[in-house]
Structures are given as structure tokens and as C-alpha cells.
J.: 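Sharing a structure here in C-alpha cells format.
What you see is a predicted model, and the numbers here were worked out from it, not measured in a lab. Below, chain A is the first sequence line, B the second, and so on; all start at residue 1.
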Amino acid sequence: MPLQNCIFAIEFRNFNKMKRTKIKQLLESGDAGSKVTVKGWVRTKRGSKNVAFLAINDGSTINNIQVVVDVNNNENEALLAKIHTGASISIDGLLTESQGSGQRVELMAENLIILGEANPDEYPLQPKKHSLEFLREIAHLRFRTNTFSAITRLRHSMIFAVHKFFNDKGFLNIHTPIITGSDCEGAGEMFRVSVFDPKNPPLLEDGNVNWKEDFFGKETNLTVSGQLEGELAALALSEIYTFGPTFRAENSNTSRHLAEFWMIEPEMAFYDINDNMDLAEEMLKYLVKYALENCMEDLQFLSKRQQEEESQKPQDQRSMELIEKLKFVLDNDFARISYTEAIDILMKSKPNQKKQFQYPVEKWGTDLQSEHERFLVEKHFKKPVILTDYPKEIKAFYMKQNEDGKTVRAMDVLFPGIGEIIGGSQREENYEKLLNRIREMHIPEKDMWWYLETRKFGTVEHSGYGLGFERLMLFVSGMGNIRDVIPFPRTPKNAEF
RNA sequence: UCCUUCUUAGCUCAGUUGGUUAGAGCACCUGACUGUUAAUCAGGGGGUCCUUGGUUCAAGUCCAAGAGAGGGAGCCA
């Protein structure tokens, strides 16, 4: 017996309680012959007359460890009768080379303890495939499925990779406010934050609510973007990013929208729109590469899952295999074209000439519909596309105005199957032009004094963008519904858990 | 918010032109089996057919309204 195992055995005797070893470690590098303790949740129980097998998972990996229990032992037999899918157990035992073919090592149970039973008449999860819709109804338990543990590990890796990417480039992470007092952020409907009794708020003489008496002394809402505050920091620290919760009170019922989501918003001084596009492309490729290098087992599981689902669809609607798709994005430059060029391509396109678009493309100036974006990404270029220089009328007030007087330096990154994954722009740094645009678009000027002052004092060219984190997760995981890549989705009429 | 599809056992689903006692697989219980891989085999228990109203001799099935869910669209990230 190797020396380290002897020491382990002595510790076992002395303390009668061993330190838990995680299943990932045991499966990857556990030595056959060592005594170990495993704790986790039972996925399946199966067996025959003399021996029972428990598949145990502790979330450290997609894989289970097989625990072998001798049934010819009254104590074990009684315990096994109480162990069902979902029960939590602790096992001390000997790690051995597996006699079966499904795994390298398995655990011969010597001391089996039930930590928490799971009544099979009530426990909703079974060792079988459940629908994603059903799992959404039991979001408190869906972490215990292979799919959600894989997504949760992948999500963690992507969060970590975002911070690593920016940290390694010298960006500073800043926390922008979640409660905001300005309603000029221009990104849709907001959730009100108030401490007033909704049935009896203090009123002014004219009957309107007297917000001056509310907690902050003004109307406040949950943020729809950290961009404006992010710009303030970038205009001192050069390169910053935010990664925080974002709230939109839009009544959006789609597989790509959440009322509460997480957004990554870098802001960079001295970056023009081309630097901005370079950063966005580099970041997306870095994140995809990080997933391929660090989450391969989970990606393989998710790929298999997706392939099974896709096999139900007709041939022409199936998407590329997940890992192949991720590598494809990594290996190809994104197409970069202007809005004007895009309109040109669309107007000349077959579906437009054959009137197959629901919204025909007829003239410069209208916003692109998702069917148009999909055509450009999935049919015409067959790879991610960055669209730039949109008409100013369809974009936000803060975007830098081009010299043509018609367009602004916006950029949208479009991904296959997802649509807009990033929206950004070079920002207008000229005080007069910005002020004019604020007035033209009827943005409350008095709330913008601090934003405008950055253009008054030491203004510089700068840029930034917003990446919807869950949309990134959709792409990297291959999942089809955004509600399945965030632990507890918040959507219209749903704030359960 | 609009269009569209769906709702039958704990889960996944079948249920024909309206017709007698609503089915299957999985899960659960009992038994069999010398090491299984979502084990297998035999047997058993388990139903507000989403809700309300209507048509009909008769409704899981047809009609209307409502609730919930999916897919698509708009808004966007």
C-alpha cells in the first residue's frame, strides 16, 4: 500500500470521519486502493440479488461515481430500501478499478449513511428525460439534472472568463448603480422602485403622486443599462467594464428576452468604432475558446442533448453540431458591413425579390427585422456579422454622428440563431452635437447635466457596447430558450422561486 | 401586445368519423435474477381527461369564454 494511503487509513481510525473527496477528482485521478468518502445525491439505483449499484453525483462533474453496495448484509439491505433517486448520502469505502465497462473506478461501500431521504412518491425527478418546460416549473430542483448542472458549470466558466479577459487587458470592473434616478437611458420600460404604500401614496394638490416624499426624494427605477455611468469612469480610467443585473419591464414573451438579465458593458476611452468592433470580436472568440478549453465534457453532453432534440426536426431546420459551431466561430473573421450595404444586399436578395419576406425591404432608413438579420447571418454570409453606421433616427441619442449627417457610428453584432448578441457604438464626444441630439429627441436635459459635463471637460473619443450574457449562454450552450440558461428566470407573469 | 399550437396517471405521450369499464412506457410497490450502466423479466396500485358554460340520447373528442404553457412576431441585449 502506498505511504499516503497508510496515513489516510490512520486518520480514518483516529477521527472516524474522513474528508470528503469530490467526484470529479476521484474519477480523474483517484487511486484504486485508496479509502475515500463521497457525498452526493443519488441519480439511479439498480441491482440484482447480491449487489446494488448507486450512481452518485455531487455537481463537480457531469459524470457520476458508481457506488457498489453488498446486499447480503441486513444493514445495507434496510438502508437501500430507503434510498431512491434524489436522496443525499455519504459513503466511506474503497476506491477500486471497476469490473464493469462504464467507468474506470468505482467505490465499494463500507459505511453507507443516508443524509436525507427523497420520498419517491413526491420527488418529481426521475432517471429519464424530462421536458425543459416541466423543469422550469421545478426550478428549485432542476439543478439536479445533468442538463442544468452542465449549464450551471458552463455559466460559471463564462462569468469567470469575462472577468479574466478584461482583467488581462487592464480593464477595471466597476459597479454601476442598480437603482437609477434618471429615466433617460432610452432602453425601454423600467421597473419603479418606491417605498410608498401603493394604495395610499402621498399626493400633490393636483392629484399627482408627490415623489419628493419617496425614499430617494425623486422617482427611481431599476437600471436598464450601466452605460452612462460606465462612460464617466472610462473618461478617467481609460478602460472599464461593468457586469451586472439589468432590468427591462417590456412585455416581451420570447425565447430571447428576460425581464432581469445580466449584461457586460465595456467602455473604452480613445477607442473608435473599429477598435470597438475589434474588441467585441476578440472577446466573443476568447469566451468561446475558453469554453472549448475548459468545459469540454459539459459541452459534449449539451451537444448530445441538442443532437437528440434536433433529430426530431426536419433536415433543413437542423443547426450545426454545437462544438463544430463553436470552432467555426473561432476560426472565421466576422463579416463587417454598413447598414447601407446591408440594405443593398437585402433589396437584391432572392427572398426580397420573390416577396418571401414578411416585411419587404423597400427603402433605406427602416429598421431591419429579425428575418432580415437572419438572412444576412445564416444565408448570405453564413457567419457572424457586424452591422455599422445605422440611420440616426433608429438609434440612441448618445451615438456619434457621422459626417454625412444621416448615420451614426452604431455597431450590432449578429449571431446565427440568436440575432443581436451585442449592441454598441462609438459615443458622441462633441458637447454641442450631443446637446443638440438630446434636445431633438426630447431627452430630459436637466437630468443629463453630469453626462454632458464629461464632454465639456477633457472630452475624448470613446466607445463601448453591451453584451447580453444570457444570449452568449444560449450560443455557447446550444440551448434554445433563454429561460434555461439562467437559474431563476424573470419573465412577464413569472417571478416564482 | 399580436398570430399560432397545445393542456389526458408523478413524468413523457397515445386515444380513429362523438359510442360501453380512458391506454402505453418510465417512476412507485411485490416477486425473480451471481456485476448493473436510464439494468432486465413477471405481476400490482395509481385519473377533477386544465376550468366554466353550451350542443347532443351520448363529450377526453364538437362549440364558446377563461387560465397556463410552447413556437413565431414586435420591443431589445
Side-chain angles (χ1 to χ4, degrees), chain A residues 42-55 63-72 81 84-86 96 98-103 106 108 118-138 145-146 185-189 224-227 245-265 280 313 317 357-359 367-374 394-396 412-415 418-424 465-475 480-484 486 491-494 496:
Chain A
V42 175
R43 286 291 174 78
T44 61
K45 177 177 76 169
R46 54 179 175 266
S48 56
K49 197 173 185 180
N50 299 318
V51 67
F53 301 93
L54 301 171
N63 299 305
N64 304 324
I65 192 161
Q66 172 156 288
V67 174
V68 186
V69 185
D70 178 10
V71 183
N72 295 320
H84 297 95
T85 298
T96 55
S98 180
Q99 291 174 35
S101 58
Q103 54 282 315
E106 62 192 12
M108 306 298 289
N119 181 346
D121 293 335
E122 293 172 42
Y123 188 66
L125 290 172
Q126 296 161 36
K128 62 165 259 186
K129 195 161 218 159
H130 291 283
S131 69
L132 294 169
E133 291 84 2
F134 173 66
L135 293 174
R136 264 172 235 153
E137 292 169 13
I138 52 164
T145 63
N146 284 331
E185 292 171 15
E189 295 296 310
V224 292
S225 164
Q227 179 197 319
T246 310
F247 307 88
R248 305 271 165 93
E250 302 285 352
N251 191 11
S252 298
N253 293 291
T254 81
S255 54
R256 300 181 306 282
H257 289 86
L258 291 164
E260 177 183 286
F261 63 100
W262 292 74
M263 190 154 62
I264 296 141
E265 294 180 287
K313 293 186 192 168
Q317 284 177 29
F357 283 138
Q358 199 187 334
Y359 300 90
D367 212 349
L368 299 179
Q369 307 292 322
S370 18
E371 59 179 344
H372 306 141
E373 295 180 349
R374 270 208 312 277
I394 59 174
K395 287 291 178 183
D412 284 1
V413 182
L414 309 178
F415 260 36
I418 312 284
E420 186 179 344
I421 196 166
I422 281 178
Y465 59 82
L467 166 72
F469 183 64
E470 284 76 18
R471 290 202 178 162
L472 172 79
M473 282 298 301
L474 278 180
F475 184 74
N481 193 313
I482 203 161
R483 291 159 204 192
D484 297 326
I486 186 168
T491 52
K493 303 273 180 290
N494 179 23
E496 189 75 45

J.: Considering only atom C1', compute the distance from rA39(B) to rA77(B) and round it to an integer number of Å.
T.: 46 Å
J.: Is any side-chain heavy atom of Q358(A) closer than 4.5 Å to one of Q369(A)?
T.: no
J.: Donor-acceptor pair, E250(A) side chain versus E189(A) backbone, under 3.5 Å?
T.: yes
J.: Restricting to salt bridge (charged side-chain N to carboxylate O under 4.0 Å, His left out), what partner residues turn up for R136(A), sequence neighbours left out?
T.: D484(A)
J.: Classify the nucleic acid contact of L258(A) as base, sugar-phosphate or nothing, counting any heavy atom under 4.0 Å across all strands shown.
T.: base
J.: Could you go through nucleotides 72-75 of chain B and list every protein N or O atom that sits under 3.5 Å from one of its N or O atoms, giving the distance for each pair?
T.:
from	atom 1	to	atom 2	distance (Å)
rG72(B)	OP2	S255(A)	OG	3.3
rA73(B)	OP1	R374(A)	NH1	2.8
rA73(B)	O2'	Y359(A)	OH	3.4
rA73(B)	N6	N253(A)	O	3.3
rG74(B)	OP1	Q369(A)	OE1	2.8
rG74(B)	OP1	S370(A)	N	3.1
rG74(B)	OP1	S370(A)	OG	3.2
rG74(B)	OP2	S370(A)	OG	2.5
rG74(B)	N2	N251(A)	O	3.1
rC75(B)	O2	S252(A)	OG	2.5
rC75(B)	N3	S252(A)	OG	3.2
rC75(B)	N3	H257(A)	NE2	3.1
rC75(B)	N4	H257(A)	ND1	2.9
rC75(B)	N4	H257(A)	NE2	2.7

J.: Pick the P atom in rA67(B) and in rC75(B), then give their distance to the nearest Å.
T.: 26 Å
J.: Who passes side chain to side chain contact (heavy atoms under 4.5 Å, CB included) against S255(A), sequence neighbours left out?
T.: N481(A)
J.: When you measure from the side chain of R374(A) to the backbone of G419(A), do you find a donor-acceptor pair of N or O atoms at a distance under 3.5 Å?
T.: no
J.: Under a 3.5 Å threshold, yes or no: a donor from one side chain and an acceptor from the other, between T254(A) and R256(A)?
T.: no
J.: When rounded to the nearest Å, what value does the distance between C1' atoms of rG53(B) and rG74(B) take?
T.: 35 Å
J.: Pick the C1' atom in rU40(B) and in rA58(B), then give their distance to the nearest Å.
T.: 45 Å
J.: Rounding to an integer number of Å, can you tell me how far E189(A) CD sits from rA77(B) P?
T.: 14 Å
J.: Please examine the side chains of F53(A) and V67(A), heavy atoms only from C-beta on, and report whether any two atoms are closer than 4.5 Å.
T.: no
J.: Output a table of nitrogen or oxygen pairs between the protein and nucleotides 45-50 of chain B separated by less than 3.5 Å.
T.:
none

J.: Taking atom P in both rG68(B) and rU51(B), compute the distance separating them and give it to the nearest angstrom.
T.: 15 Å
J.: The criterion is side chain to side chain contact (heavy atoms under 4.5 Å, CB included); which residues satisfy it with N146(A), sequence neighbours excluded?
T.: R43(A), I62(A), F301(A)
J.: K395(A): what forms a salt bridge (charged side-chain N to carboxylate O under 4.0 Å, His left out) with it, not counting sequence neighbours?
T.: D412(A)
J.: What N/O pairs connect the protein and nucleotides 29-34 of chain B at under 3.5 Å? Give each pair on its own line.
T.:
from	atom 1	to	atom 2	distance (Å)
rC29(B)	OP1	H84(A)	NE2	3.0
rU34(B)	O4'	N50(A)	ND2	3.0

J.: Under 4.0 Å between any heavy atoms, over every strand shown, what does F53(A) touch: base, sugar-phosphate, or nothing? Just pick one.
T.: base
J.: Any side-chain N or O of R46(A) below 4.0 angstrom from OP1/OP2 of rA39(B)?
T.: yes
J.: Could you give the distance separating rU4(B) and rA42(B) at their P atoms, to the nearest angstrom?
T.: 47 Å
J.: Side chains of T491(A) and L258(A), heavy atoms from C-beta outward: is any pair under 4.5 Å?
T.: yes
J.: Let me know the distance between CZ of F134(A) and P of rA9(B), rounded to the nearest Å.
T.: 12 Å
J.: Across the strands shown, which category fits E373(A) at heavy-atom distances under 4.0 angstrom: base, sugar-phosphate, nothing?
T.: nothing
J.: Kindly write out the residues that satisfy side chain to side chain contact (heavy atoms under 4.5 Å, CB included) with E496(A), not counting sequence neighbours, or none if the list is empty.
T.: N494(A)
J.: H130(A) NE2 to rC13(B) P: how many Å, rounded?
T.: 12 Å
J.: What distance, rounded to whole Å, do you find between the two C1' atoms, one in rU21(B) and one in rU37(B)?
T.: 40 Å
J.: In whole angstrom, give the distance that lies between atom NZ of K45(A) and atom P of rU40(B).
T.: 15 Å
J.: Any side-chain heavy atom of T85(A) sitting closer than 4.5 Å to one from K45(A)?
T.: no
J.: Using a 3.5 Å cut-off and no angle test, enumerate the donor-acceptor pairs between side-chain atoms of residues 119-126 of chain A and protein atoms at least two apart in sequence or in another chain.
T.:
from	atom 1	to	atom 2	distance (Å)
N119(A)	OD1	D121(A)	N	2.8
N119(A)	ND2	E122(A)	OE2	3.2

J.: For a quick check of understanding: with a heavy-atom distance under 4.0 Å over all strands, which category does G466(A) fall into, base, sugar-phosphate or nothing?
T.: sugar-phosphate
J.: Any non-hydrogen side-chain atom of F469(A) less than 4.5 Å from a side-chain atom of I486(A)?
T.: no
J.: For residues 123-135 of chain A, pull every pair meeting salt bridge (Lys or Arg N to Asp or Glu O under 4.0 Å), keeping only residues two or more places apart or in separate chains.
T.: K129(A)-E308(A)
J.: Taking only N and O in the side chain of T44(A), is any of them less than 4.0 Å away from OP1 or OP2 of rA39(B)?
T.: yes
J.: What dot-bracket string describes RNA chain B from 5' to 3', counting Watson-Crick and G-U wobble pairs whose defining distances are under 3.5 Å, with [ ] for crossing pairs and | for pairs to another strand?
T.: (((((((..((((.....[...)))).(((((.......))))).....(((((..]....))))))))))))....
J.: Tell me which of G468(A) and Q99(A) sits closer to the 5' end of RNA chain B, going by the nucleotide each one is nearest to.
T.: Q99(A)
J.: Got H257(A) and R471(A) here, is their nearest side-chain heavy-atom distance under 4.5 Å?
T.: yes
J.: Less than 5.5 Å between centroids and less than 30° between ring planes, does F469(A) satisfy that with rA77(B)?
T.: no
J.: For the backbone of W262(A) and the side chain of E470(A), can you confirm whether one donor and one acceptor N or O come within less than 3.5 Å of each other?
T.: yes
J.: Please find out if less than 6.0 Å separates the ring center of H372(A) from that of Y359(A).
T.: no
J.: Please state the P separation for the pair rU1(B) and rC57(B) - nearest whole angstrom.
T.: 40 Å
J.: Grab the NZ-P distance between K128(A) and rA24(B) for me, whole Å please.
T.: 15 Å
J.: Please give, in whole Å, the distance from rA39(B) P to R43(A) CZ?
T.: 13 Å
J.: Taking CD from E122(A) and P from rA9(B), how many angstroms apart are they, rounded to a whole number?
T.: 18 Å
J.: Report each atom pair, protein N/O against N/O of nucleotides 66-69 of chain B, whose distance is under 3.5 angstrom.
T.:
none

J.: Just checking M473(A): base, sugar-phosphate only, or nothing, at a heavy-atom cut-off of under 4.0 Å?
T.: nothing
J.: What is the distance from CG of D121(A) to C1' of rG44(B), rounded to the nearest Å?
T.: 14 Å
